[in-house]
Amino acid sequence: MMLDIKKVFSTYQEPISGRESLDLSEMDFPGYSVASPVDVRWEMRLEGSVLSLMLEISAFAEFECARCLKECKQNFEVQAEHDIRESECEASPEAELPFDERGRLDLKELCYQELVSEIPSVLLCSEDCKGLCPICGRRNPCACTQETNGDVVDERLAILKTLL
């Protein structure tokens with residue numbers, strides 16, 4: 001979906017808004033995927049010479065927990081606002097927003113950028129996830145009895161305990 005920002009500057013009369021369902025399943029996300037459609041609500045409002053673009057993005061990320069490797073799915077709500085001046089509506093490698101040569105903004109690419117910057121790089125199934133057992137490799141809690149006082153003792157390093 002392309003938003004014609006140059007046209008909005010020349011024909012603006014009142015706030016413009018919309019709602020889109022975007023497919024980002026082919027995009028390369030770092031450590032997770034977004035398989036289901038992403039719901040995007042947007043609004044543009046011209047105030048003086050600055051166009052404000054407000055985004056509300058709702059996306060489900062599918063990932064493996066970084067501690068216990070459990071398959072998870074979590075909803076992320078991302079809100080973003082961008083102020084755009086007419087002179088910024090040009091395709092440029094240094095541009096903050098993904099404009100094309102005709103001054104149109106790629107909403108799909110913008111939503112991708114927002115999700116990548118807002119979704120944490122380390123995703124957990126829960127904040128109190130205990131991860132995998134260092135003895136048996138199963139998800140904690142497990143049935144291992146090779147723990148002493150909550151500390152795992154590696155037989156190869158047991159001799160070091162005498163130095164304490």
Side-chain angles (χ1 to χ4, degrees), residues 1-134 137-142:
M1 162 95 197
M2 301 296 275
L3 298 175
D4 196 343
I5 302 299
K6 275 202 172 188
K7 185 176 180 182
V8 171
F9 273 107
S10 63
T11 63
Y12 183 86
Q13 293 178 351
E14 60 185 33
I16 305 164
S17 62
R19 187 176 189 146
E20 305 295 330
S21 182
L22 302 175
D23 181 13
L24 302 181
S25 61
E26 298 297 318
M27 307 291 268
D28 186 26
F29 289 93
Y32 56 92
S33 64
V34 177
S36 57
V38 175
D39 184 40
V40 181
R41 287 185 289 173
W42 55 270
E43 181 179 338
M44 290 187 277
R45 187 178 303 265
L46 187 63
E47 297 168 5
S49 63
V50 177
L51 182 69
S52 291
L53 171 63
M54 278 101 24
L55 296 171
E56 291 180 12
I57 306 167
S58 178
F60 279 95
E62 296 177 354
F63 58 94
E64 280 187 347
C65 174
R67 290 185 188 154
C68 71
L69 306 178
K70 177 181 172 184
E71 292 292 324
C72 302
K73 187 173 184 178
Q74 183 177 346
N75 186 42
F76 288 92
E77 302 287 333
V78 176
Q79 294 184 354
E81 185 172 342
H82 296 279
D83 291 333
I84 306 167
R85 290 177 173 55
E86 192 169 7
S87 61
E88 297 171 344
C89 300
E90 298 173 6
S92 168
E94 299 89 35
E96 182 179 322
L97 300 174
F99 286 105
D100 68 4
E101 63 281 346
R102 295 189 298 187
R104 298 180 308 169
L105 183 62
D106 186 348
L107 187 62
K108 186 175 180 177
E109 180 64 27
L110 180 58
C111 289
Y112 169 76
Q113 290 175 3
E114 292 295 338
L115 289 172
V116 167
S117 67
E118 292 296 322
I119 294 178
S121 58
V122 177
L123 295 166
L124 303 174
C125 60
S126 68
E127 288 299 318
D128 60 341
C129 176
K130 296 189 187 302
L132 300 176
C133 172
R138 294 190 185 126
R139 286 189 191 109
N140 275 317
C142 66

Heavy-atom side-chain proximity of Leu22 to Pro37 below 4.5 angstrom: no
Step-by-step side-chain contact (heavy atoms from CB on, under 4.5 Å) determination, Glu71 to Glu64: CA-CA 5 Å; Glu71 292 292 324; Glu64 280 187 347; 3.1 Å; yes
Check: Asp106 and Asp100 side chains under 4.5 Å, non-hydrogen atoms: no
More than 12 heavy atoms from other groups under 6.0 Å of CD on Glu26: no
side-chain hydrogen bond (donor to acceptor under 3.5 Å, both in side chains) contacts touching residues 119-129 (sequence neighbours left out): Ser126-Asp128
Short side-chain to backbone donor-acceptor contact, Arg104 and Met2, under 3.5 Å: no
Pairs meeting criterion ring-ring contact (aromatic ring centres under 6.0 Å, His included) with involvement of residues 5-56, two or more places apart: Phe29-Tyr32, Phe29-Tyr112
Contacts of type side chain to side chain donor-acceptor pair (under 3.5 Å), residue Asp23, not counting sequence neighbours: Ser25
Check: Leu53 and Leu105 side chains under 4.5 Å, non-hydrogen atoms: yes
Heavy-atom side-chain contact between Leu110 and Leu97 under 4.5 Å: yes
No-hydrogen, no-angle side-chain donor-acceptor test under 3.5 Å, Asp83 and Ser52: yes
Shortest non-hydrogen contact from Cys129 toward Arg67: O-NH1, 3.0 Å
With Arg41 via side chain to side chain donor-acceptor pair (under 3.5 Å) - residues at least two apart: Glu56
Side-chain heavy atoms of Leu3 within contact of Val8, under 4.5 Å: no
Listed partners of Arg139 passing side chain to side chain donor-acceptor pair (under 3.5 Å), at least two apart: none
Ser58: partners by side chain to side chain donor-acceptor pair (under 3.5 Å), with sequence neighbours left out: Asn75, Glu77
